[in-house]
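Computed from a predicted model, the values in this text were never measured in an experiment.
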Amino acid sequence: MKPKYWLWIFAISFLFHACSEATTEETANGTNKPSENDQPETTVDLCQQISCPFGCAAGTCVDFRSDVNHCGQANHKCTGQTSFCKNGMCVPDCTGDGTKICKGLCIDTTNNTSNCGRCEHHCADNMVCASSTCICADNYVDCNGNELDGCETFSDECECTPGQTQSCYTGNPATLGIGVCHAGTRTCKEGGYYDYQCKGEMTPGQEIIGNGLDDDCDGAIDEGINEDADGDGWTIAQGDCCDSYLTCKADEPAKINPGAIDETGNQIDDDCDGIIDNPKPVATCSSTTYQPVANAQVTSTDALKLAQAMDICTASTTEGYGLIQAELLHADGSPLEKTCNTTLCGSTTHISPAEQVSISTRFGATLPPMSGSTMAVLSSGKAQGKENTSTKDCMGSEVNVPQVYLDAHGGKLPVSTICNNTRSGTKANDSIMLRLKLKAPSNAAGFKFKFKFFSKEYPGYICNDYNDFFLALLNSQHPDIPKDRNISFDSNGNPVSVNNAFFTECDKTACTKDVGCSTCEDGIGSVSAYVQDTKTAGATRWLQTSSPIMAGETFTLDLIVFDAGDFEATTSRPQNTTGWGHQRDSLVLIDNFEWTTAPTKLQTIIY
């Protein structure tokens with residue numbers, strides 16, 4: 001064998017022996033990965049026949065102790081917040097003084113309030129971390145020395161001893177001790193500071209007018225008690241329980257006062273009587289029949305009795321709304337005479353104005369009132385039922401129809417739409433008018449009343465020269481009131497007269513005219529309460545007139561009954577012929593006057 005081959009064999013044998021010893025030593029030590037505190041012992045790896053004492057990865061020598069791509073072992077990379085390799089472990093760069101690894105993060109524990117001096121040491125409320133110690137923030141003091149509840153007092157020094165009390169007052173110092181205003185107390189809380197609440201004090205408030213106290217602590221009691229803040233005409237001194245939005249919770253304070261009526265169901269004491277939603281009042285001011293003495297002078301007392309029979313029981317002087325004045329007059333507003341004018345009446349039955357009115361509890365002994373115990377009766381003849389058999393009662397008066405009504409109809413009484421004649425007059429014969437002057441409640445939107453019209457001219461004198469009327473003329477400021485002031489009319493706009501669409505009670509056998517006569521669908525029941533011979537008269541059903549008014553206004557309602565027929569002279573009938581136009585009378589029953597608070601439409605309907 002040649003000498004050079006022996007040299008190669010010797011070198012290979014030597015390297016094999018060295019590697020065997022290294023493997024044995026690694027096995028004895030357990031691993032070549034160093035511990036956290038000790039330097040790893042030198043190892044020998046063969047990386048492409050090169051010895052690597054601190055690690056080999058992918059055929060290259062690396063240092064497992066500090067290589068961030070091979071930290072502790074091959075291909076173990078250090079990234080993110082732990083991007084440094086120290087002693088074979090991925091760690092943050094914690095090289096500064098006071099820095100510590102807290103939950104894998106490098107934290108400066110000298111000034112971190114959540115890790116002050118050590119990991120997880122949190123500073124309490126109103127404290128900061130300085131030089132690794134929790135201390136009070138600026139302007140705060142730890143009065144109780146307990147670090148756990150922080151620095152609880154915002155002050156340069158502790159204020160008090162816990163439990164201690166002191167007087168306090170948060171209002172204007174000038175008001176202390178004036179009126180209802182007085183001091184309260186504060187209590188020292190744990191931590192040596194006073195509670196911010198001043199308990200038991202009374203500071204200035206809104207003046208509650210009428211309670212006899214100086215609520216706003218200005219030295220004056222109930223100032224404004226005589227002022228009308230909501231402009232409804234009532235002051236608190238006069239009993240207004242809702243004079244402004246400040247004194248009550250209501251959308252319209254001006255509608256709440258002693259001059260209002262209580263609206264059932266709205267949960268408001270509208271009339272300020274201390275009771276919410278009073279029951280609807282029952283009319284009790286009239287209970288018996290009444291007839292003025294014949295040929296006696298009719299007075300305001302008689303008129304008052306008629307108003308009460310209609311259920312107007314409230315006087316404005318006591319409640320702030322209701323009846324101001326009642327009068328009985330002619331249709332033109334002139335005074336009534338005591339006796340009959342025999343010149344115009346001739347040989348007809350003479351009656352006096354006192355006989356044209358009455359109060360009935362059961363008209364004609366059969367027909368009851370619509371409300372309460374009584375109803376008012378007005379007539380162009382005698383204000384009686386069938387016990388009065390005459391069809392020719394005559395009082396003998398002759399005046400003009402109210403001018404406002406004539407002016408609205410071209411200077412004459414209007415001709416009904418059911419008639420084809422054009423003749424009409426201007427005179428109101430044997431007229432009687434009940435004039436009512438009323439003040440509306442402050443929350444009223446309107447009123448309504450019921451009436452029933454009878455005439456001895458029906459059906460024989462339909463669309464004839466003779467035509468009796470019932471007018472209800474309203475003098476109100478409400479814009480819906482018509483120009484002629486009449487608020488009672490049928491569906492065609494005709495006034496309530498013999499020639500209107502409301503006549504439904506009659507004897508059909510007496511209805512011989514083709515024009516204007518009804519079907520008499522309601523029979524003769526009510527007619528028999530008016531006359532003995534039902535063929536000589538007719539009647540409407542009970543009707544109800546409703547009309548709007550202005551809240552709180554003073555207005556006049558004229559209720560008028562009269563005979564008409566004084567037309568221009570003709571060859572067959574000279575003008576002012578004795579007794580003509582004063583016969584065959586009409587009558588109206590009126591009852592159940594009521595105020596309304598809901599929006600009210602102008603209309604007359606069958607009730």
Can you check whether C520 and C506 have SGs under 2.5 Å apart?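 Cystine link detected, SG atoms below the 2.5 Å cut.
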Should [X] and [Y] count as side-chain neighbours, where that means a heavy-atom distance under 4.5 Å?
X	Y	value
I590	M310	yes
L589	S360	no
D484	V404	no
T314	Y321	yes
M370	Y607	yes
I418	C463	yes
I256	I268	yes
K280	E594	yes

Can you tell me how far apart [atom1] ([X]) and [atom2] ([Y]) are? Round to the nearest 0.5 Å.
X	Y	atom1	atom2	result
D262	T597	CG	OG1	9.5 Å
T374	D311	OG1	CG	6.5 Å
T540	I606	OG1	CD1	8.5 Å
L306	L436	CG	CG	9.0 Å
K338	Q297	NZ	CD	6.5 Å
S316	L323	OG	CG	7.0 Å

Decide, yes or no, whether a salt bridge links [X] with [Y] under the criterion of side-chain N to carboxylate O below 4.0 Å.
X	Y	answer
K427	E398	no
D522	R541	yes
E263	K255	no
D585	K456	no

I'd like to know whether T235 forms a side-chain contact (heavy atoms from CB on, under 4.5 Å) with D243, so could you lay out the CA-CA distance, the side-chain angles of the two residues, the decisive distance to 0.1 Å, and finally the verdict. CA-CA 7 Å; T235 66; D243 197 46; 5.9 Å; no
Establish, from distance only, whether the side-chain atoms of [X] and [Y] form a donor-acceptor pair under 3.5 Å.
X	Y	answer
S442	N257	yes
K448	Q544	no
T519	E521	yes
T545	S488	yes
D277	Q267	yes
S380	D563	yes
E553	S476	yes

Could you walk me through whether C272 and C242 satisfy the disulfide bond (SG atoms under 2.5 Å apart) test, starting with their C-alpha distance in whole Å, then the side-chain angles of each, then the deciding distance to 0.1 Å, before giving a yes or no? CA-CA 8 Å; C272 294; C242 184; over 6 Å; no
Is a side-chain donor or acceptor of [X] paired with a backbone partner of [Y] at a separation under 3.5 angstrom?
X	Y	answer
S352	N295	yes
D490	A501	yes
N494	N500	no
T289	I359	no
N499	S416	no
N443	I261	yes
E207	D216	yes
S431	A331	yes
D228	D232	yes
H330	D332	no

Passes side-chain contact (heavy atoms from CB on, under 4.5 Å), S371 versus D591? Steps please. CA-CA 7 Å; S371 174; D591 197 18; 4.3 Å; yes
Nearest heavy-atom pair of [X] and [Y]: which atoms, and what distance?
X	Y	answer
A260	D271	O-CB, 3.3 Å
P353	E337	CG-O, 2.9 Å
A529	L367	CB-CB, 4.4 Å
D430	G396	OD1-N, 2.8 Å
Q384	L587	O-CD1, 3.7 Å
E505	S526	OE1-CB, 2.6 Å

Ring-plane angle category for F449 and F447, please: parallel below 30°, perpendicular beyond 60°, tilted otherwise.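 Parallel.
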Find out whether the Lys NZ or Arg CZ of K305 is both under 6.0 angstrom from the six-membered ring centre of Y290 and within 45° of the ring's axis.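 Yes, cation above the ring, under 6.0 Å and within 45°.
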Geometric cation-pi criterion K452 and F363, 6.0 Å radius, 45° cone: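 Cation-pi check for K452 and F363: fails.
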Does K437 have more than 12 heavy atoms from other residues, nucleotides or ligands lying within 6.0 Å of its NZ?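 No, NZ of K437 has 12 or fewer neighbouring heavy atoms, counting only those of other groups under 6.0 Å.
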Give a yes or no on whether D251 atom CG has more than 12 heavy-atom contacts from other residues, nucleotides or ligands under 6.0 Å away.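 12 or below, so no.
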Derivation and outcome, side-chain contact (heavy atoms from CB on, under 4.5 Å), residues I487 and L602: CA-CA 7 Å; I487 59 173; L602 178 63; 3.6 Å; yes
The single option from F453, Y458, F454 passing ring-ring contact (aromatic ring centres under 6.0 Å, His included) against Y530: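 Only one of F453, Y458, F454 forms a ring-ring contact (aromatic ring centres under 6.0 Å, His included) with Y530, namely F454.
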Check each of E355, Q291, Q356 against K382 using the side-chain contact (heavy atoms from CB on, under 4.5 Å) test, and report the only one that passes.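 Exactly one candidate clears the test, E355.
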Walk me through it: do L473 and Y405 pass the test side-chain contact (heavy atoms from CB on, under 4.5 Å)? CA-CA 8 Å; L473 304 187; Y405 189 72; 4.1 Å; yes
Show your working on side chain to side chain donor-acceptor pair (under 3.5 Å) between S455 and S586 and close with a plain yes or no. CA-CA 4 Å; S455 180; S586 295; 2.8 Å; yes
